[in-house]
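Quick note on labels: first sequence line is chain A, next is B, and so on, each numbered from 1. Atom set for the values below is all heavy atoms of this structure, side chains included, hydrogens, waters and symmetry mates excluded.
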There are 2 protein chains.
Amino acid sequence: MGERSRATTIADVAAHAGVSQASVSRVLNGKQTVDPAIVQRVQASIATLGYSPSVAARSLVHGRNDTIAMVVPDLENPLFQGILKGLSLAAASDGYRVLVADTAERVDDEEATAIEARHRCDAIVLCAPRMPEQRLRRLVEQVAPVVVVNRPLPDADVPIIGVDYVRGIRDLVEHLLGLGHRHLAYVSGPATSASNAERLRGVEEAEQVHPDLRIDVVPGGSRLEDGYALAEAVLGARDDGATAVIAFNDLVALGLMTRLRQLGVDVPGDLSIAGFDDVPMAGFATPSLTSMSVPRGEIGAQVWARLRTLIAGGPIEHSVLYRPRLEARESTGPVG
Amino acid sequence: MGERSRATTIADVAAHAGVSQASVSRVLNGKQTVDPAIVQRVQASIATLGYSPSVAARSLVHGRNDTIAMVVPDLENPLFQGILKGLSLAAASDGYRVLVADTAERVDDEEATAIEARHRCDAIVLCAPRMPEQRLRRLVEQVAPVVVVNRPLPDADVPIIGVDYVRGIRDLVEHLLGLGHRHLAYVSGPATSASNAERLRGVEEAEQVHPDLRIDVVPGGSRLEDGYALAEAVLGARDDGATAVIAFNDLVALGLMTRLRQLGVDVPGDLSIAGFDDVPMAGFATPSLTSMSVPRGEIGAQVWARLRTLIAGGPIEHSVLYRPRLEARESTGPVG
DNA sequence: CTGTTAGCGCCTTCAG
DNA sequence: CTGAAGGCGCTAACAG
């Protein structure tokens with residue numbers, strides 16, 4: 001930390017400038033009114049000595065770090081990457097830095113990781129899609145200030161920034177209904193994932209609202225490989241009458257499309273395919289992939305806005321649920 | 001940082017256990033031999049009081065943070081994501097955390113960002129593909145301990161973990177030569193990017209070694225959109241006689257393939273296409289994309305290994321250059 | 001083996 | 001407007 005060998009301290013600067021440490025501290029922080037002459041000398045000394053304050057000492061005095069942590073199950077997930085990027089840029093504009101804590105999908109480590117991260121930082125962002133709700137509730141109390149991302153947690157004292165997956169799925173179903181599809185397949189995500197549960201609720205609601213609609217659920221996954229491996233299962237659903245498929249996310253959809261093409265299935269001619277998340281690649285697939293767009297960077301920025309308020313001792317601001325936006329592309333077409 | 005409201009301190013624990021702070025500190029750090037009875041009491045007190053040490057105070061005393069920073073131009077680049085993931089996991093296994101500093105491609109901010117990050121951390125990892133060499137040299141001296149990633153910096157006192165792009169390109173060219181191609185096009189990356197310069201060197205070397213080989217350079221970019229927009233330019237090169245294309249990276253190659261397909265160009269029938277980096281999507285494109293695989297996670301782990309040694313006061317260990325591995329797939333085929 | 005004593009570098013009353 | 005003094009929480013000598 002700080003400099004190599006013994007760093008120059010505020011005392012050195014004070015001596016060099018012939019003033020007290022207090023004065024140096026004042027010009028450093030622009031506090032009170034300091035004699036312009038002193039300001040000059042101190043700044044000169046700081047420059048010639050190449051002094052810069054010790055963050056550790058500052059932290060000890062102030063009780064804060066200007067650092068927040070983001071706890072994620074997998075840094076390689078495009079959704080979390082986008083959120084991290086947005087969060088990191090927003091926080092940086094307020095002089096805060098973001099520390100990442102990747103739990104590598106080990107749900108059992110998440111609590112300890114979060115707590116440890118919280119000890120190092122002023123606040124944390126929690127992405128824990130698989131953690132059981134009760135554990136998460138306890139954890140959230142313990143590590144406040146905190147913002148939870150991408151999963152519901154009703155009536156908890158914590159801001160939640162999330163995506164309205166229920167609504168997103170329903171909108172996507174409407175799109176397919178509009179194209180004439182009446183029998184769909186939903187390729188689900190990880191069984192324990194909260195956002196998968198939300199999507200399933202969307203599926204159920206859609207079925208209730210549209211009695212003539214049928215949606216078969218096919219167990220799936222969350223990665224390209226999963227989608228690829230699921231092609232046969234999906235074809236089974238098609239043989240059952242499904243004319244369109246909604247995948248848990250774009251990666252699954254892309255992997256699925258790849259395999260379907262190998263199997264000679266025409267998309268969307270034989271089968272329509274839709275994904276979720278609108279990853280950058282979606283628009284460049286062949287056929288381009290219909291998806292539900294999620295504002296990843298914006299989510300990151302909102303997370304920071306909430307966290308900043310909390311750090312400043314402000315209230316727990318309202319949660320936000322972003323409504324995904326349909327990006328209708330070539331992979332979904334009229335039934336028939 | 002630390003707890004909410006006024007946190008319990010080591011003094012509280014000492015009082016509660018009826019011992020001195022020093023003893024508490026000792027059991028906390030497993031230092032010296034402490035009377036088992038005391039250990040018991042202290043641990044009990046720690047548990048009942050829910051005490052956990054202040055990292056800030058520790059940092060101040062030790063002069064370190066157990067935190068490193070990674071400075072990157074763009075967190076959304078798959079290469080850096082992979083490295084960050086590997087770095088973060090490796091560092092975590094030694095109790096270190098990683099803080100990210102995204103400079104959002106603003107080259108002029110990189111120095112300030114790196115220096116600021118260094119003040120907060122015990123060491124930094126520098127990814128600065130566009131920074132002019134002289135500036136980088138000065139910076140590297142200033143922020144040591146540091147490891148530089150993915151760009152050469154001859155004779156500098158810093159470990160470099162990189163990719164042998166020269167070799168990678170040459171191996172890729174050999175692959176295409178083996179397929180009978182004698183006239184290639186290289187779609188270049190960002191003009192100021194160090195790794196693009198390396199690739200260009202590979203191109204030049206290949207041309208020198210193979211007098212019958214011709215490689216036209218087409219100005220390009222680094223993203224999907226860039227590749228997409230470059231299709232016409234690439235077709236120009238093909239009309240000039242090129243039968244195969246090497247793209248700066250996979251994203252460019254994928255964007256290019258998308259557009260070519262729209263234009264009715266058969267890959268690899270009419271034109272072979274190869275990328276670089278072997279991103280996850282490469283194997284799932286249609287046709288699957290021939291690429292040069294780069295061990296992103298492994299690079300991150302090696303970066304940590306070097307950094308750990310430096311932090312411990314060890315020597316500047318040898319730099320490492322990973323040789324990309326050819327992943328020959330469907331997008332490259334025999335000429336004709 | 002344990003307690004006391006100094007700081008680590010900075011900020012912040014409180015006098016002057 | 002400025003300087004002196006104490007303390008943030010912890011660890012590392014140094015005595016006992």
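Of the listed nucleotides (dT2(C), dC14(C), dG9(D)), dT2(C) has the atom at the smallest distance from the side chain of Asp35(B). With dT11(D), dA13(D), dT2(D) as the candidates, the nucleotide lying closest to the side chain of Ser23(A) is dT2(D). Side-chain proximity of His62(B) to dA12(D), dT2(C), dG3(D): nearest is dA12(D). Considering only side-chain atoms of Ser54(A), the nucleotide from dC10(C), dT2(C), dC10(D) that sits closest is dC10(C).
Whole-Å rounding puts the Gln21(A) CD to dA4(D) C1' distance at 10 Å. Between Arg26(A) atom CZ and dG3(D) atom C1' there is a gap of 8 Å when expressed in whole angstrom units. A straight line from CG of Leu28(B) to C1' of dA12(D) spans 15 Å, rounded to a whole angstrom. In this structure, the CD1 atom of Ile10(A) is 14 Å from the C1' atom of dC8(C), given to the nearest Å.
Put simply, Ser20(B) has no side-chain N or O that comes within less than 4.0 Å of OP1 or OP2 on dT2(C). In this model, the phosphate group of dC11(C) is approached by a side-chain N or O of Ser25(A) to a distance below 4.0 Å at OP1 or OP2. Between Ser59(A) and the phosphate of dC8(D), there is no side-chain N or O to OP1/OP2 separation shorter than 4.0 Å. For Arg58(B) and dT11(D), the shortest distance from a side-chain N or O to OP1 or OP2 is below 4.0 Å.
Where Val34(B) and Leu60(B) meet DNA chain C, the nucleotide closest to each residue was compared, and Val34(B) sits on the side nearer the 5' end. Where Val61(B) and Ala22(B) each meet DNA chain C at their nearest nucleotide, the meeting point lying more 5' is that of Ala22(B).
Using a 3.5 Å distance cut-off with no hydrogens or angles, the side chains of Gln302(B) and Arg306(B) do pair a donor with an acceptor.
At the heavy-atom level, Val24(B) lies nowhere under 4.0 Å from the strands shown.
Comment: Glu111(B) does not engage Arg138(B) in a salt bridge, judged by the lack of any side-chain N to carboxylate O separation of less than 4.0 angstrom. Ion pair Arg308(B)/Asp94(B) flagged as a salt bridge, since at least one NZ, NE, NH1 or NH2 atom sits closer than 4.0 Å to an Asp/Glu carboxylate oxygen. A salt bridge is defined here as a Lys NZ or Arg NE, NH1 or NH2 lying under 4.0 Å from an Asp or Glu carboxylate O, and Lys85(B) with Asp74(A) meets this definition.
Listed by first and then second residue, the side chain to side chain donor-acceptor pair (under 3.5 Å) pairs that reach into residues 145-155 of chain B are Asn150(B)-Tyr165(B), sequence neighbours excluded.
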